[in-house]
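Have a look at the structure below, then the notes.
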Number of protein chains: 2
Amino acid sequence: MSQNNIRNMDEFAALCGISRPTISKYFFDPNSVRPSTRDRIEAALKEYDYRPNIYAMNQNRRLTKNIGIVVPYLADPFFAEIARVIERRCIDAGFTPTLFSSHGDQNQEIAILDTLRSLRPAGVLLAPLGRASDKAQIEEFCRDVPTILFDSNIEGVGAAFVGSDNFSFVSQTVEYLSRTGNVPCFFEMRDPANPNANKRRHAYLEMMRRLNLEPHLVKIDGAGWGFEEIGRLGALKVLKEGLLPTDTVLCSNDRLAIGFLSACHELGIRVGRDEDCTIRLASHDDHPYSRFTCPSLTTAAHDYEAVSDYAVETLFRLIDAGGALETREETLFAARLIMRGSA
Amino acid sequence: MSQNNIRNMDEFAALCGISRPTISKYFFDPNSVRPSTRDRIEAALKEYDYRPNIYAMNQNRRLTKNIGIVVPYLADPFFAEIARVIERRCIDAGFTPTLFSSHGDQNQEIAILDTLRSLRPAGVLLAPLGRASDKAQIEEFCRDVPTILFDSNIEGVGAAFVGSDNFSFVSQTVEYLSRTGNVPCFFEMRDPANPNANKRRHAYLEMMRRLNLEPHLVKIDGAGWGFEEIGRLGALKVLKEGLLPTDTVLCSNDRLAIGFLSACHELGIRVGRDEDCTIRLASHDDHPYSRFTCPSLTTAAHDYEAVSDYAVETLFRLIDAGGALETREETLFAARLIMRGSA
DNA sequence: ATATAATTTTGACGCGCGTAAATAAAAGCT
DNA sequence: AGCTTTTATTTACGCGCGTCAAAATTATAT
């Protein structure tokens, strides 16, 4: 690779022996030029290591190759993991993804949408904060920018929603728990930040109705995204005051369950299926850490790959379709029960 | 806020009654214009909601307001947390941070540096992969782009390094453990990905020498960034085969310790200070989950805030100084021992 | 009020590339 | 070979803003 003193596309085109508009076309889509010219360009590219100025490119293109990925809380490894997969898919498809985290804060979420507007992305994959989101702002954003919602739905907003089927999660855990032991109570935050939490509560109630069992909701206080600590404090209170209606607890999500386990350990309460255990605990999400808790968590797992892949795929369809799909699709993927030590 | 049909800075300048070059100056640095004009611009800004085109801006500016943040592994909440703080500081200082994760992969790290070059950032905060990094490439990058290394040092590379003092971590845990019980052995990966691991091993050996105690290194196999699983498998092997030289284990980092705890639970081994416990376990990092493990982890904590703040502050100094500091500074922050249940 | 310094305006050019239309060349087909 | 279709070239303009120099204005100090 020789020293590249190439300042712009004109010079590179000259070195290639190919006209600048063709080079420009190549960089927008390598497949849009004849294979023989593509080869010549790529040979020159190898030799001279030229890269077009992205600012000049994006300024004038109808559509950039940028994709925004927004997650509500990146310190949650669940979102880190899903973001990783999505990022990979975007890069492989020739896009430039940029990752944003709202860090659980409404203002940050709005600020991100603002930043995203000026990035003029081809599309956005947005996992909203949920209850804490400013829905009007998100709706307005989605009108201007082709957006797929994932993980957490907002009715009617965005071109499509891709997520997990909360009923599938809860039905499996409830069925399993009630089949193998006592009736599960449902442990959750009183004011959950995420709409999935509400769907899970309803699913629990519905499943209990179907099974002809009496439902018990255990609601704990706490706000924000520090679910482990909220779960821990809530569990401490519930356990100390003997408020637990049954010996089988189904947490709304794994992070609450991690806190619950921590509380149990503090109080010397053994959790699991063994004879010396007094509580069974199960949960939902298959959080990356759930297999390392003590005991490991029985949980219903997201189909990470399917959700990520389908969300990305839907976004690409949306982009190809010029920014609008015929109808707003909602796609839900089923959960997979993972039986581990805690129940 | 009236409907903004403002297409460019010219139109906005006309609406302001201020010349475009002055507006341009304002957007580069609001303090560079007279307070009275600043007020007029900001009043108009409120009314018309104009935002300059970032692509046109960045194309022509000598220096963008972009800052790149690169972490080796975002699914590790430790990095997610530090990235969050750094991001905040950058935004508050009027910069536009972009977050990248190498996801533990050398090729990704190189690809990120490549992307960063074309972003022409004012500066970069880079936490390298460590052993897996292509040092030559990073070195070359740092010659072109003002870069501060953090978390993981590469000798002589970058304008400065800001991180934690590994000796401070290990000296405190070793001192505490050996004072309150049996001599600790050091539990680590045979080929650690991160250079901090090597520093910690040396610190352990040095501390043991000073205390006139016999050191024991317990090296386990495994590659990659799935430390919990590596720790779990390593611990299972060590515990089953009775290879543990003492009842006190000091893990190189919390994620290994989380895996270790998981293994202990599987084998029915109780960990902690209580009488019925057979192992004491301590570690380093104060991972966000370390307080929720069972038992909670005694660990040495990073001064997250100090590291983040000083890294950012140093980067700003570097940018102000035009991209080069007089000498390469290495700044290390001391750890803080956090005593919890595991030791 | 006057001199001086600081700020703003005017006018103009350039950045690197996208894009469009007309033309030319190449490829594919019969 | 002659035709059609596809692809590349030529030429030219525009995007939105940074930046520069000279001129005009405004603020500050004496």
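Labels below follow one simple rule: chain letters A, B, ... track the order of the sequence lines, proteins then strands, and each chain is numbered from 1. Predicted model, so just to flag it, every value in this text is computed and none were measured.
Rounded to whole Å, atom C1' of C:dG16 lies 6 Å from atom CG of A:N8. In this entry the distance linking CG of A:N53 with P of D:dC15 reads 18 Å, nearest Å. Per the geometry, CG belonging to B:N58 stands 15 Å off C1' belonging to D:dT19, to the nearest Å. Whole-Å rounding puts the B:R120 CZ to C:dC15 P distance at 13 Å. Put simply, CG on B:N60 is 12 Å from P on D:dC20, counting in whole angstrom units. The CD atom of A:Q59 sits 12 Å away from the P atom of C:dG16 (whole-angstrom rounding). One can place CZ of B:R51 at 15 Å from C1' of D:dG16, the figure rounded to the nearest angstrom. One interatomic measurement links the two molecules: CD1 of A:I54 to P of C:dC17, which rounds to 11 Å at whole-angstrom precision.
Within 3.5 Å, a donor on the side chain of A:R20 pairs with an acceptor on the base of C:dG18, or the reverse.
One finds a side-chain N or O of A:S24 lying less than 4.0 angstrom from the OP1 or OP2 phosphate oxygen of C:dG18. Distances shorter than 4.0 Å separate some side-chain N or O of B:T22 from OP1 or OP2 on C:dT9. For the OP1/OP2 pair of C:dC17 and a distance below 4.0 Å, the side-chain nitrogens and oxygens of A:Y50 include at least one atom meeting the criterion.
No donor-acceptor contact under 3.5 angstrom links the side chains of A:E11 and A:Y50, judged on distance only.
Of the candidate nucleotides D:dC17, C:dT9, C:dC17, C:dT9 has the atom lying nearest to any side-chain atom of B:I18. The side chain of B:A56 approaches D:dG16 more closely than any other nucleotide in the set D:dG18, D:dG16, C:dC17.
A heavy atom lying under 4.0 Å from DNA chain D marks the following residues of residues 26-42 of chain B, by number: B:R34.
Taking the six-membered ring for Trp and the full ring otherwise, the centers of B:Y310 and B:F150 sit at least 6.0 Å from each other. Proximity of the aromatic rings of A:F78 and A:Y304 is defined here by a centroid distance below 6.0 angstrom, and this criterion is met.
Electrostatic pairing of B:E81 and B:R84 counts as a salt bridge here, judged by a charged N lying under 4.0 Å from a carboxylate O.
Considering B:I148, B:V307, B:V85, B:L125 in turn, B:L125 is the only one that fulfils the side-chain contact (heavy atoms from CB on, under 4.5 Å) rule with B:V312.
A:P21 comes within 4.0 angstrom of a nucleotide base, judged by non-hydrogen atoms across all strands.
For CZ of A:R328, the number of neighbouring non-hydrogen atoms (other residues, nucleotides, ligands) closer than 6.0 Å is greater than 12.
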Exercise for the section: Using the side-chain contact (heavy atoms from CB on, under 4.5 Å) rule, take B:C142 and B:I138 through it: C-alpha gap first, then chi angles, then the decisive distance, then the call. Expected result: CA-CA 6 Å; B:C142 291; B:I138 293 186; 4.1 Å; yes

